[in-house]
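Numbering of ligands and ligand atoms starts at 1, following listing order. Quick caveat: nothing in here was measured; it's all calculated off a predicted structure.
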Amino acid sequence: MVRVWYMTNDIIDQRLENHLDPPSYLTTDELYKSTGVEFFLLNAKTYDVDGVLDKIRKDRGYNYEDQITCSKECLPDYENKLKSFFTEHLHTDEEIRFIVDGSGYFDVRDGDDRWIRIEVVPGDMIVIPSGIYHRFTLDMKNYVIAKRYFVGEPVWLPYNRPSDEMDVRKNYLRKLSEGFK
Ligand SMILES: CSCCC(=O)C(=O)O
Ligand SMILES: [Fe+2]
């Protein structure tokens, strides 16, 4: 099950949970309303036969799929990749990840620029909207395998903050102010 919480700004180790004191959790509904981040809970054991993932892919036109393993042994240029994952950035397209093994944290900014941390574990599918500032880190287990989806030819390019002049950023802020439905 996914857990979502507001983060402290005093990070000593990005791989720890980094809660506020006292901890302050959000539901996935509250997460969606304050950021537009969507979340699907799939069955990690049956997703390749139960049709749920297939339906999401079809409904949303996710015609590209690959798989990324993040571990010291399997990810080429591990240290630099992890550094760039955790550097605050946005994309021109959605970032869609389905966790099949391991775990990690996606951090996203809310409208008041507070960091929200989303724990992802096997069965979790997260859709991070285009134009939102975010980052990713492994946790203490240093291991995750995720399937990545895209509409059309994938573009993984991050635009580090500040990228406030980009149309995709302005469009995101407009959607945020109108309220995600
Ligand atoms: C859990 S997927 C690994 C991170 C990643 O692909 C990204 O931040 O773009
Ligand atoms: Fe990203």
> According to a 4.5 Å side-chain heavy-atom criterion applied to Ile, Leu, Val, Met, Phe, Trp and Tyr, with indirect links allowed, do Val144 and Tyr105 form part of one hydrophobic cluster?
Replying inline: no

Looking only at N, O or S atoms in [X], which is nearest to the Fe ion (ligand 2)?
X     : answer
His89 : NE2
Glu95 : OE1
His91 : NE2

Provide, line by line, the atom pairs where ligand 1 and the protein bring an N/O atom each to a distance under 3.5 Å; else say none.
| residue | atom | partner | partner atom | Å |
| --- | --- | --- | --- | --- |
| ligand 1 | 6 (O) | Arg97 | NE | 3.0 |
| ligand 1 | 6 (O) | Arg97 | NH2 | 3.1 |
| ligand 1 | 8 (O) | Glu95 | OE2 | 3.4 |
| ligand 1 | 9 (O) | Glu95 | OE2 | 3.4 |
| ligand 1 | 9 (O) | Arg97 | NH2 | 2.9 |

>> Less than 4.5 Å apart, side chain to side chain, heavy atoms only: is that true for His19 and Arg117?
In response: no

>> Any non-hydrogen side-chain atom of Asp164 less than 4.5 Å from a side-chain atom of Tyr133?
In response: yes

>> Parallel, tilted or perpendicular, judged at 30° and 60°: which one describes the rings of His134 and His91?
In response: tilted

> What do you reckon, is NZ of Lys58 surrounded by more than 12 foreign heavy atoms closer than 6.0 Å?
Replying inline: no

> Where is the tightest heavy-atom contact between Tyr172 and Pro129, given as atom of each residue plus distance?
Replying inline: CE1-CG, 4.0 Å

>> Starting from Phe40 and following side-chain heavy-atom contacts under 4.5 Å between hydrophobic residues (I, L, V, M, F, W, Y), which residues can be reached?
In response: Leu42, Tyr47, Val52, Leu53, Ile56, Tyr62, Ile96, Phe98, Val100, Met125, Val127, Tyr143, Ile145, Tyr149, Val151

